[in-house]
Q: 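Sharing a structure below in structure tokens format, with a few things to ask.
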Amino acid sequence: MRLKLVYIYSFVVTLLYLLTACTDGIEASSDSNGQGEGKEIPVSIMPKLVAGDENEVSQLRVIIFSTRTSNPYGPKVLVSNQLIDVNEDYVAITYIGYNDIYVIGNEPVDLSGINSPEELKNIQMNTESSLSASKFVFFRQLLNVNVRSKNEIYPEGASASVSKLEIKLQRVIAKLSVKFDLSTEICENGNPTGEFVNLESMELFRIPKYSYLASCKYRIEEGFLDNRVFSLENSSAEQNHFTWSSGDIYLPEYLPMDEIYRMVLRIKGTSRGITRIYTLPIGDAMNSIDSHSTEWNITRNRHYSLNIKAITGYGEESLEVKSNVSGWSEVNVPIEITGASFLAVNKKTVEVKSLRFYSYVRFACNAPVEVKLPDEVTIGNQLQMTIEYDDATKKSGRVGFRRGNWNTGNDIIYVTTLKSGTASVELNLQLYRSETIRVGNNLVTWAEAMGYWEEANWIRTGIYNDEFYKRATRETGCRAYYPEGVNENDATRGKGCWRLATIRENWAINSAEAWCIEEHDTNGRKAYVSYGSGNLIDDYKENKKYRYNCTLDVRPPELSDFIVSSSDVTNVTKENASSICANLGSGWRLPTGKEMNYVFLNAGTNGLPNNFFSDSYWGKNEDGTFIVATMSDPDGSATTDELRNGRHTVRCVKLRYPPVG
């Protein structure tokens, strides 16, 4: 069943009059505590369902807290807590200022005594009764609604006023549906085994005993309900085929403190008298793209719809499956029930081009992985390797490979085996012959040859050091090199794609005395200097100068030059925007248009956070011009005077590495 989005209540066109000023645009008077009496201003609040049937709501309550002044940071006090008759208009009192508005449908307990936002946010609900969904609870909050006058009402983050506050109510529960439509034959590595599973039951584990009216993390010490068990009854008439549909299963919102205690669906069956158990975690991380979350949350008003289509193992193990998650609308998700010794990779050939940076292959498995290299290959000078798991369960992650500093010869393919339990996958590691160029006879320090900040001459930095690369005030050495006839911005051969040659690479071209990328093992102030076809010395990096030769590599990973503050500050005027950043400490400032565009494109990567929740942000270009970045204008280049006169969100930046000197 597919549900339509946004059904307006046929029975609710509720007018809520927020009383703050007798004249448009005139702020109410205030006492010494900033709590004036205020005067009536008609403002319409229209509760809506995101989806569903309006008959599901029988009772509505509106609770309002206000600063009572135009100070966005002032304390909020209760100004209204009333039940609304769904068939009549309602008038409440509020004040010019910043208002938090909560609308609750079918309240779980009597909320008439609520006097503070903290009390409201601490409301717990017994989830056992809600699992039958006999009466849904609905909830929505609008925070920091700026009421200036009758016709000037600004929801948080909005740059234009509205005449009606549209509050889209959501159910505080989620919905799960599971559909089986599969052959009961177990497959291994894509091949049928001739063994069949008799599917018998499924059960949900770790259903929290309580959920919160306002979204809140759940503590494991609050406990869990008994597992919910469902008998799997085959409705297929085909031999060795199984079909069954669960219908709608309602779940409380569950935001676990620790993903070890996430909710899981355990499917049980038997084959040849042996019990087979398959475990599927349930939550937003089944598809991080659709849910915008990599956490295993069960999020309110979401429908998790699973379509189980195959059995690919013998059970007793779990796999973090990928699935679609959407708003309250049905999405069918193909899922394979996986068993022991499962291993999948996203590619079979890995181009190992770089000495400095790993090339990765992603994997999913149900046991820790190991890498078996060919007998003639050793970890160290021939090849470098790393295994990085996504989390402590070690059920997914990536394996990285980079070339060793002694691999300089012809193009090579190493056939490498990735193993997990008894499952294995062969990877082809493609290495390439070093292309090393004699740059010339310029004599430079080691840091200059590397393209680093000069402090690298005194400190051991390793094959690649992002900090010293970023803090260099000029491009030098192999960082600045690119071949004649090649555009400096060429993605594969331009500037940034070349690095200082290794000892072996310098020997391969029979170089005169030249710096090597390798540093001395025990003395951080020394690096190696090679010459001829097998000669080597070490010398001090800070006061000796030698030639250098450059080898083709890959560009350094793109990392932002700046860091971003951790949270949004909303409803800020142009006059106050810069001071919010200055108050964070030295170096913090508003971002430029170029920086804001970079953040919009790369949020969640390259060292940037991913919690940008506003639709408009203040920025300030180097010429002092204030700009506003939006989703449709991420660099703020189309900022209008109307936007500059509005209120927007502030997110501050400062340089990742302080300026040199």
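Remember, predicted model here, so these are calculated numbers, not experimental data.
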Q: For Lys347, does the NZ atom sit with more than 12 other heavy atoms under 6.0 Å from it, leaving out its own atoms?
A: yes

Q: Between Tyr304 and Gly283, which heavy-atom pair has the shortest distance, and what is it?
A: CE2-C, 3.7 Å

Q: Go through Tyr250 and Phe136 one step at a time and tell me if the ring-ring contact (aromatic ring centres under 6.0 Å, His included) criterion holds.
A: CA-CA 10 Å; Tyr250 296 104; Phe136 292 115; 5.2 Å; yes

Q: For Gly105 versus Leu60, what's the shortest heavy-atom pair and its separation?
A: CA-CD2, 3.9 Å

Q: Please tell me whether Glu200 and Thr270 have a donor and an acceptor in their side chains that are separated by less than 3.5 angstrom.
A: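 Yes, because at least one side-chain N or O of Glu200 sits under 3.5 Å from a partner of the opposite role on Thr270.
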
Q: Does Val369 offer a backbone N or O that forms a donor-acceptor pair with the side chain of Tyr389 under 3.5 Å?
A: yes

Q: Can you confirm whether more than 12 heavy atoms, excluding those of Lys268, are under 6.0 Å from its NZ atom?
A: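 It does not: Lys268 NZ has 12 such atoms or fewer within range.
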
Q: Is it the case that Asn106 and Ser58 place a side-chain donor and acceptor less than 3.5 Å from each other?
A: yes

Q: Under 3.5 Å, is there a donor-acceptor pair between the side chain of Tyr218 and the main chain of Lys209?
A: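 Here the side-chain-to-backbone pair exists.
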
Q: Heavy-atom count around Tyr212 OH within 6.0 Å, excluding the residue itself: above 12?
A: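 Correct, the count exceeds 12.
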
Q: Considering residues, nucleotides and ligands other than Asp226, do more than 12 of their heavy atoms fall under 6.0 Å from its CG?
A: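 Open: at most 12 neighbouring heavy atoms sit under 6.0 Å from CG of Asp226.
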
Q: Treating Ser235 as the side-chain partner and Thr243 as the backbone partner, does any N or O pair qualify as donor plus acceptor under 3.5 Å?
A: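 It does hold such a pair.
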
Q: Sub-3.5 Å donor-acceptor pair from the side chain of Glu185 to the main-chain atoms of Gly194, do we have one?
A: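 Confirmed, Glu185 side chain pairs with Gly194 backbone.
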
Q: With no hydrogens and no angle check, do the side chains of His241 and Asn234 hold a donor and an acceptor under 3.5 Å apart?
A: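 The answer is no; no qualifying pair exists.
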
Q: May I ask you to say whether Glu388 pairs ionically with Arg398, meaning some side-chain N is under 4.0 Å from a carboxylate O?
A: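 Looking at Glu388 and Arg398, the cut-off is met.
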
Q: Applying side chain to side chain donor-acceptor pair (under 3.5 Å), run through Gln430 and Thr349 and close with a yes or a no.
A: CA-CA 7 Å; Gln430 174 71 65; Thr349 297; over 6 Å; no

Q: Just one of Arg266, Arg206, Glu203 clears the side-chain contact (heavy atoms from CB on, under 4.5 Å) bar with Asn227, so which one?
A: Glu203

Q: Using the test side-chain hydrogen bond (donor to acceptor under 3.5 Å, both in side chains), find all partners of Ser565 that sit at least two apart in sequence or belong to another chain.
A: none

Q: Under the side-chain contact (heavy atoms from CB on, under 4.5 Å) rule, what do Tyr102 and Leu213 come out as? Steps first, then yes or no, please.
A: CA-CA 11 Å; Tyr102 300 87; Leu213 184 61; over 6 Å; no

Q: Considering residues, nucleotides and ligands other than Phe224, do more than 12 of their heavy atoms fall under 6.0 Å from its CZ?
A: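 Count over threshold, so yes.
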
Q: Tell me whether the count of non-hydrogen atoms from other residues, nucleotides or ligands lying under 6.0 Å of CD in Glu222 goes above 12.
A: yes

Q: Under the side chain to side chain donor-acceptor pair (under 3.5 Å) criterion, do Ser112 and Asp110 qualify, and how do the steps go?
A: CA-CA 6 Å; Ser112 60; Asp110 182 6; 2.8 Å; yes

Q: Tell me every residue that passes side-chain hydrogen bond (donor to acceptor under 3.5 Å, both in side chains) with Tyr617, counting only those two or more places apart in sequence or in another chain.
A: Asp568

Q: Kindly write out the residues that satisfy side chain to side chain contact (heavy atoms under 4.5 Å, CB included) with Asn122, not counting sequence neighbours, or none if the list is empty.
A: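 Not a single residue meets the side chain to side chain contact (heavy atoms under 4.5 Å, CB included) criterion with Asn122.
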
Q: Any donor and acceptor pair, going by atom type alone, linking the side chain of Thr193 with main-chain N or O of Ile186 inside 3.5 Å?
A: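 Looks like yes, one N/O pair under 3.5 Å.
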
Q: Does NZ belonging to Lys372 count more than 12 external heavy atoms closer than 6.0 Å?
A: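 Incorrect, the count does not exceed 12.
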
